[in-house]
Amino acid sequence: MKKIVVLLFVIFSCVLFSHSQNDFKSESKSEYCDVVFSEIMANPASGNPEFIELYNRSDKPLQLKNWKFYYGDKPYLLPEAILSPEEYIVLCKTSVVTAFQNGIKVLGVPSFPVLANTGKLLYIENNNSELVAWMEYADGMYGSAEKKSGGWSLECIDLSNISNAASNWTASVSDVGHTAGKKNSVNRGNPDTEAPGIKSVTTTGDQEIVLAFTKPMNRRQLEQLSNFRIEDDYYRIRGLKASYPQADQVQITLSSIPPEGTMIEVQLELQDASGNYLPENTSFFIGSGYEAAPLDAIINEIMFNAPEGSEEYIEVYNRSDKDLDLRYLSLTTRKSDGSLNKGYPLTVSPLLLHPSQYVVVSKNADAVCSRFFCRPESLMVGMSQAPVLNNTSADLVLLNNRNDEEVDRFSYNEKMHHPAVKDKKGVALERVDPEKDTGDPENWTSATAASGFGTPGYQNSQYAVSPQTGREEVVSVLYPEVSLGRDSYEIQYRFDVPGNRCRVLLFDSMGRMVGRIANNELLGMSGSLRFDNQNISGQRLYPGLYVIYMEVYSDAGSLKKYKLPVVMK
């Protein structure tokens, strides 16, 4: 009898040990996103239960006992349940378990919360307090005002997409308003292929900054020092802590923050949660530039009536000898009562504007460069929000947002355009002399036609530092050079003052007018006019000697004439 008791005890112990080991194995194997949120019923029709659905996307059964479901920052302990591979399970109040059909796996959770209709952060941890899944729902994800009002669940579109993006969720299209415990009605491929980017860099302490990304990132990589490289040996990163559970920010602890006027570059090599890499050579800067004093930076060019397919832009120029921090500069407009509207920082991340450098700010910098020529060195900044520029007039103000001091202002009006410009849409106003401190209308005029009516990010087409009386004027013809890729003739010019207009005609050796190169075209201080060897009808001119006749006139009444012989090849 004694032997039988001992034997039974051994068998019972082995069973318990085996069960314990199986539980341990299932827990030890659970990894991030083995289980994902697949459906949320936060605003059901009257009398129907709220629920949250999970899906096991792994190839192993998982024991959910002692896992924690977090609603916001409040945890709820999950009861015992095995979630098999590719299986759904519904979490709900214990009192409504019987409301679901037979065949649906339901887990009643003690004290299950009342789900907010407008949205909430949700996440799951296993019994080792390791993050398994998270998502943040919002009522804007329904994509339908009708379904947002109630009776429909939010469903995940692609369960293999672990980006947690709102674009991977939408309202159920099931006839009953949900698919609790079953394959989602909106199920289809919707892979995450969008590359991540840097959203902002914020200094939060003497030795700490917070780096924010446009998407959730790979948490493990975000906390590995080897993925952050600083070339300057004086500065060291001492710690990295990713935001929890989203991992869309990382708190960086440094040996020290660079002093004002100094910035160090940090190179990154990271992937987002879906495995998409940051663009090659992505980096950010730590430190700060100097604050702008009045007229250290000036408004230098403005496109307030943008052409179709492009965008409004404002160009700012650094007149000082300091590296200015663009985070400390904001743009706004002045109301009729003299008060200011809301100001918008030029950037949210550290970015220096060096002496004699230009920066162009716009809601869509790419759209600006698709319409206007942007040089590779042009500093273009996209602002998520910017002042609304009136198409006729406004009082634009550049502020130091650290002390609300006015750095520069420009009260523009469409009447400041040159009289030669009849259609003002798509034509920028340019400051002529950047050294003049006032917004004098005489110091502003339209960008030239030859420049494409805008020079975003580089010297203005109407640039003139000071009166150039006595300066030699030049008007000459530059011939095509096939070896250099030029296939047209150019009339190059340089004048004493800006704002001239011109008429340019082409005559043959018999004195007949055979071509029109320009008609009342606005010129800058210097530039060129291009033309090919075609006549008015678009036919190629015969080789031979021709004469370019050019009249240059100003609003003051001056008239200058040039006759330039040219050989057409």
- request: Apply side-chain hydrogen bond (donor to acceptor under 3.5 Å, both in side chains) to the pair N190 and N168, showing each step before the final yes or no.
  value: CA-CA 7 Å; N190 186 37; N168 197 38; 2.9 Å; yes
Backbone N/O of [Y] and side chain of [X]: donor-acceptor pair under 3.5 Å:
X    : Y    : answer
R219 : D248 : no
D408 : I299 : yes
T347 : S349 : yes
K215 : A195 : no
T332 : V397 : no
N460 : Q462 : no
N519 : R503 : no

Using side-chain heavy atoms (C-beta onward) and a distance below 4.5 Å, is [X] in contact with [Y]?
X    : Y    : result
L399 : E405 : no
C374 : P456 : yes
F453 : P307 : no
K342 : Q385 : yes
P191 : D158 : yes
I548 : F531 : yes
T203 : E208 : no
N276 : P196 : yes

Closest heavy-atom contact between [X] and [Y]?
X    : Y    : answer
I157 : W169 : CD1-N, 4.0 Å
M550 : L523 : CE-CD1, 4.2 Å
P245 : L121 : CD-CD2, 3.8 Å
I491 : V504 : CD1-CG1, 3.7 Å
E194 : D272 : O-OD2, 3.4 Å
R229 : E269 : NH1-OE1, 3.7 Å

message: If you apply the rule side chain to side chain contact (heavy atoms under 4.5 Å, CB included), what do you find for C502 with Y493, and how did you get there?
response: CA-CA 11 Å; C502 75; Y493 60 83; over 6 Å; no
Pairwise distance CZ(F37) to CE(M135) - rounded to 0.5 angstrom: 8.0 Å
For atom [atom1] of [X], decide whether the heavy atoms of other residues, nucleotides or ligands shown that lie under 6.0 angstrom number more than 12.
X    : atom1 : result
K199 : NZ    : no
E442 : CD    : no
Y277 : OH    : no
K241 : NZ    : no

Residues [X], [Y]: salt bridge by 4.0 Å N-O rule:
X    : Y    : result
E308 : R371 : no
R334 : E406 : yes
D73  : K120 : no
E490 : R530 : yes
D395 : R409 : yes

Establish, from distance only, whether the side-chain atoms of [X] and [Y] form a donor-acceptor pair under 3.5 Å.
X    : Y    : answer
T455 : E301 : yes
N413 : T392 : no
Q357 : N318 : no
D192 : S274 : yes
T333 : N341 : yes
N400 : E291 : yes
S283 : E265 : yes
N218 : Y32  : no

message: Applying side chain to side chain contact (heavy atoms under 4.5 Å, CB included) to V359 and E315, what does each step give before you reach the verdict?
response: CA-CA 6 Å; V359 61; E315 180 188 82; over 6 Å; no
query: Y123 pairs by ring-ring contact (aromatic ring centres under 6.0 Å, His included) with which of W134, Y137, Y244?
result: Y244
query: Can you name the one residue among F410, Y358, Y463 that meets ring-ring contact (aromatic ring centres under 6.0 Å, His included) with Y317?
result: Y358
message: The test is side chain to side chain contact (heavy atoms under 4.5 Å, CB included); show your working for L340 and D404 and say whether it passes.
response: CA-CA 10 Å; L340 295 177; D404 291 331; over 6 Å; no
task: Verify side-chain hydrogen bond (donor to acceptor under 3.5 Å, both in side chains) between S330 and N401, making sure each step is shown before the conclusion.
output: CA-CA 6 Å; S330 291; N401 54 37; 2.8 Å; yes
task: Classify the ring geometry between F495 and Y562 as parallel (under 30°), tilted (30 to 60°) or perpendicular (over 60°).
output: tilted
message: Parallel, tilted or perpendicular, judged at 30° and 60°: which one describes the rings of Y412 and F304?
response: parallel
field: From CA spacing to verdict: salt bridge (Lys or Arg N to Asp or Glu O under 4.0 Å), K363, E311
entry: CA-CA 7 Å; K363 285 185 179 179; E311 186 62 72; over 6 Å; no
- request: Test V381 against every option in V360, L351, L346 by the side chain to side chain contact (heavy atoms under 4.5 Å, CB included) rule and name the one that passes.
  value: L351
- prompt: Does R375 make a cation-pi contact with Y458 (under 6.0 Å, within 45 degrees of the axis)?
  reply: yes
- line: Which of S446, S451, S461 passes side-chain hydrogen bond (donor to acceptor under 3.5 Å, both in side chains) with E430? Answer is S461
- request: Please step through side chain to side chain contact (heavy atoms under 4.5 Å, CB included) for the pair M568 and Y489, ending with a clear verdict.
  value: CA-CA 9 Å; M568 293 292 179; Y489 296 78; 3.7 Å; yes
Residue pair D325, R327: steps toward the salt bridge (Lys or Arg N to Asp or Glu O under 4.0 Å) verdict: CA-CA 5 Å; D325 198 321; R327 289 176 300 175; 2.8 Å; yes
task: Evaluate the criterion salt bridge (Lys or Arg N to Asp or Glu O under 4.0 Å) for residue pair D296 and R319; output intermediate values, then yes/no.
output: CA-CA 5 Å; D296 275 351; R319 298 195 329 167; over 6 Å; no
